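Take a look at the structure set out below.
None of the values given here were measured: they were computed from a predicted structure.
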Amino acid sequence: MMTKVLRLGAVVLAAGMAFSATSALAADSDIKIVLSEELDLLEPCMATRSNIGRVILENVNETLTEYDTRNGKGLMPRLAESWEQKADGSWRFKLRPGVKFSDGSGFDAKDVKHSFDRAMSDKLTCESQRYFGGMKVTAEVVDDQTIDFIADPVQPILPLLLSLITIVPEETPMEFVREPVGTGPYKVSEWTPGHQIVLSRRDDYWGTAPKVTSATYLFRTDPAVRAAMVETGEADLAPSIAREDATNPATDFTYLDSETVYIRLDNAVAPISDIRVRKALNMAIDREAFIGTLLPEGTELAVALFPPTTTGWNPDVKLPAFDPEAAKQLLAEAKSDGVPVDTEIRLIARTANFPKVTEVMEALQQMLTDVGFNVKLEFVEVAQHEEYYSKPYPTDQGVYMLAAMHDNNKGDPIFTMYFKYASDGRQSGINDPKVDDLIKRASAATGEERAKLWSELVAYVHDDVVADIPLFHMVSYSRVAERLDFKPTIATNGQLQLSEIGFK
């Protein structure tokens with residue numbers, strides 16, 4: 001009997017040691033990521049919004065194609081193994097076999113069609129929908145592993161556009177979901193609003209298993225707090241910290257991100273409807289004064305809402321001159337013609353949108369006030385900001401300008417121009433037939449003609465329409481714990497693939 005007891009004890013001890021070793025191994029590969037703002041949604045079709053994309057894009061919900069900005073490989077397969085353009089201009093995609101969703105159901109072409117139709121439905125207000133403006137695209141199932149996309153007019157970069165459509169099961173309802181189901185390497189195992197989100201690695205993922213077993217996302221608005229959390233071991237990664245907190249070369253990295261800060265103007269509402277007022281707004285701002293002070297060295301001044309590496313960038317478009325006296329004169333001329341230039345204009349910005357956002361907006365307010373504008377600065381949370389950002393715009397909130405950040409890291413202006421400037425673009429402040437025509441022609445063109453048309457549109461919007469107030473192409477700083485094998489890139493701004501994180 002004693003021998004049996006000793007043997008049983010040895011088995012229990014061995015099992016306990018094995019369990020402890022497994023737990024320790026899992027703990028070593030669990031990470032914590034601290035973000036700047038709480039998520040209001042975990043809806044897959046909203047993953048093009050950077051704060052949501054950093055959590056779920058390609059982690060929980062995958063896309064047919066993937067644009068590789070980290071390694072510069074361009075457009076890559078994801079859930080689609082291959083694609084080709086047919087003689088009629090449509091595109092045929094062959095889907096990856098053997099893929100399962102996190103709920104155990106199989107993935108096929110019907111899921112792809114439903115995901116696309118759902119993203120385009122007028123029953124939801126999906127962010128991904130805005131990139132498909134000015135075209136009619138339909139998805140047709142050929143068989144379980146084959147699907148066609150037909151676009152009118154023909155879209156030569158449709159496979160790139162589809163890198164923005166996250167795939168969900170066919171059974172997903174036509175309403176925003178709280179618990180997303182996807183084909184990605186992770187599933188949402190916990191979401192406690194105001195506290196944390198936890199993603200856990202799936203054992204049945206179709207691809208290579210990532211090294212990170214689970215990721216816990218925490219939220220702190222203060223960049224100094226985020227940096228300190230990584231320094232003290234409370235977190236492993238802070239994708240966005242302030243420049244002055246980036247003091248440790250072993251953990252802190254800088255990168256040119258794909259965000260452009262700008263102020264959206266509603267050109268239909270007085271006094272902003274007068275082009276002299278819009279010119280005065282631009283001339284009142286000393287953009288250079290922000291670089292190396294409130295914003296880090298390396299920040300670039302913007303004349304368009306996408307970075308200079310984008311197709312169709314126009315090097316001939318010049319920054320508006322900082323000329324407060326000329327701005328005052330334009331306001332005086334407009335006032336003498338009856339334009340209500342004394343009207344209070346609200347400058348609305350998003351809380352914690354980027355490090356030093358409060359100080360930047362206060363400086364902008366002062367510059368505009370100095371030339372005679374009546375500007376009231378307000379900060380709102382992300383959900384309220386969206387109410388001002390996308391149509392239908394509020395009509396009972398007085399005159400306002402909206403400070404925002406726009407992310408385009410895809411290399412083509414189509415991810416900016418339609419929804420920011422077309423007459424029926426979801427976030428457009430203008431209504432101009434020439435703009436609409438240029439967008440239509442550029443979207444359907446290829447090669448040098450495409451670049452030429454986009455370049456012409458950049459100049460027209462900036463110089464002739466004075467559609468908005470472009471400000472800065474941003475530089476970001478991140479803090480990465482020394483135990484992680486990861487360096488941020490331009491891709492880190494809009495997504496943070498856990499599969500790209502290793503351990504030293």
Side-chain angles (χ1 to χ4, degrees), residues 36-37 50 221-224 226-227 239-247 252-265 278-309 313 315 317-328 345-373 375-380 385 400-408 458 462 466-478 490 493:
S36 61
E37 58 184 346
S50 59
T221 57
D222 189 332
R226 297 195 296 273
S240 176
I241 65 173
R243 175 194 55 188
E244 58 265 32
D245 296 318
T247 56
D252 302 339
F253 302 90
T254 182
Y255 62 99
L256 181 65
D257 67 27
S258 51
E259 292 278 16
T260 301
V261 177
Y262 80 111
I263 298 176
R264 203 269 315 283
L265 304 176
R278 300 197 298 276
K279 286 182 176 180
L281 286 166
N282 275 277
M283 297 170 73
I285 298 172
D286 184 1
R287 292 163 173 82
E288 295 278 1
F290 290 87
I291 311 301
T293 54
L294 294 178
L295 297 175
E297 296 289 349
T299 302
E300 297 185 10
L301 303 182
V303 296
L305 300 194
F306 45 77
T309 53
W313 177 261
V317 176
K318 304 303 180 185
L319 287 166
F322 171 53
D323 193 339
E325 293 307 315
K328 292 176 183 178
I345 303 175
R346 298 162 65 201
L347 174 57
I348 301 173
R350 199 169 101 189
T351 304
N353 202 16
F354 56 87
K356 297 290 185 182
V357 63
T358 300
E359 292 85 348
V360 168
M361 293 301 146
E362 288 174 345
L364 289 171
Q365 178 192 28
Q366 187 60 55
M367 290 175 183
L368 296 175
T369 300
D370 286 346
V371 302
F373 284 104
V375 177
K376 177 184 178 183
L377 176 61
E378 298 178 24
F379 282 92
V380 297
H385 189 269
Y400 72 90
M401 306 180 290
L402 190 74
M405 294 179 75
H406 169 59
D407 177 16
N408 183 346
V458 169
H462 185 272
V466 193
D468 45 28
I469 308 174
L471 292 170
F472 314 109
H473 301 303
M474 300 294 278
V475 169
S476 288
Y477 289 83
S478 293
I490 192 172
N493 181 63

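Taking the side chain as every heavy atom from C-beta outward, F322 and M283 never approach each other to under 4.5 Å. Between P355 and S240 the shortest side-chain heavy-atom distance falls below 4.5 Å. Looking at I263 and L402, their side chains never come closer than 4.5 Å, going by heavy atoms from C-beta outward. When side chains are defined from C-beta on, R346 does not count as touching M401, because their heavy atoms never get closer than 4.5 Å. Proximity of K376 to I348: side-chain heavy atoms (C-beta onward) are nowhere separated by under 4.5 Å. Between L347 and E378 the shortest side-chain heavy-atom distance does not fall below 4.5 Å. Between Y477 and D245, the closest side-chain pair of non-hydrogen atoms is not below 4.5 Å. Between E300 and P308 there is a side-chain heavy-atom pair separated by less than 4.5 Å.
The heavy-atom pair separating L471 from L364 by the smallest distance is CD1-CD1, 4.0 Å. Across all their heavy atoms, L265 and A467 have their closest contact at CB-O, 3.6 Å. Nearest heavy-atom pair across A304 and H473 is O-CE1, 3.4 Å. Taking each heavy atom of V303 and H462 in turn, the nearest pair found is O-CD2, 3.3 Å. Among all heavy-atom pairs drawn from Y255 and P239, the shortest one is OH-O, 3.6 Å. The two residues A302 and L319 make their nearest non-hydrogen contact at O-CD2, 3.5 Å.
Only one option out of T299, L295, I469 pairs with R287 in a side chain to side chain contact (heavy atoms under 4.5 Å, CB included); it is I469.
Other residues, nucleotides and ligands place more than 12 heavy atoms under 6.0 Å from the NZ atom of K328.
In this structure a side-chain-to-backbone donor-acceptor pair under 3.5 Å is missing from H385 to A404. With hydrogens and angles disregarded, a donor-acceptor distance shorter than 3.5 Å links the side chain of R226 to the backbone of T221.
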Can Y400 and I345 be said to form a side chain to side chain contact (heavy atoms under 4.5 Å, CB included), step by step? CA-CA 5 Å; Y400 72 90; I345 303 175; 5.6 Å; no
Given side chain to side chain contact (heavy atoms under 4.5 Å, CB included), test L301 with F290 step by step and report yes or no. CA-CA 10 Å; L301 303 182; F290 290 87; over 6 Å; no
V357 and R350: side chain to side chain contact (heavy atoms under 4.5 Å, CB included), yes or no, with the steps? CA-CA 8 Å; V357 63; R350 199 169 101 189; over 6 Å; no
Test side chain to side chain contact (heavy atoms under 4.5 Å, CB included) on N282 and D468; report intermediate values, then the result. CA-CA 8 Å; N282 275 277; D468 45 28; over 6 Å; no
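From S478, atom OG reaches atom CG of D252 across 9.0 Å, with rounding to the nearest 0.5 Å. Here OG of S476 is found 10.5 Å from CZ of F354. Values are rounded to the nearest 0.5 Å. To the nearest 0.5 angstrom, E259 atom CD is 14.0 Å from F472 atom CZ.
For the residue pair N408 / S258, no side-chain donor-acceptor distance below 3.5 Å is found, with atom types taken as modelled. Side-chain atoms of H406 and T260 form no donor-acceptor pair, as typed in the model, at a separation below 3.5 Å.
Between R243 and E297 there is no salt bridge, since none of the side-chain N atoms of the basic residue sits less than 4.0 Å from a carboxylate O of the acidic one.
The stretch residues 354-371 participates, sequence neighbours left out, in these side chain to side chain donor-acceptor pair (under 3.5 Å) pairs: E244-K356, Q366-D370.
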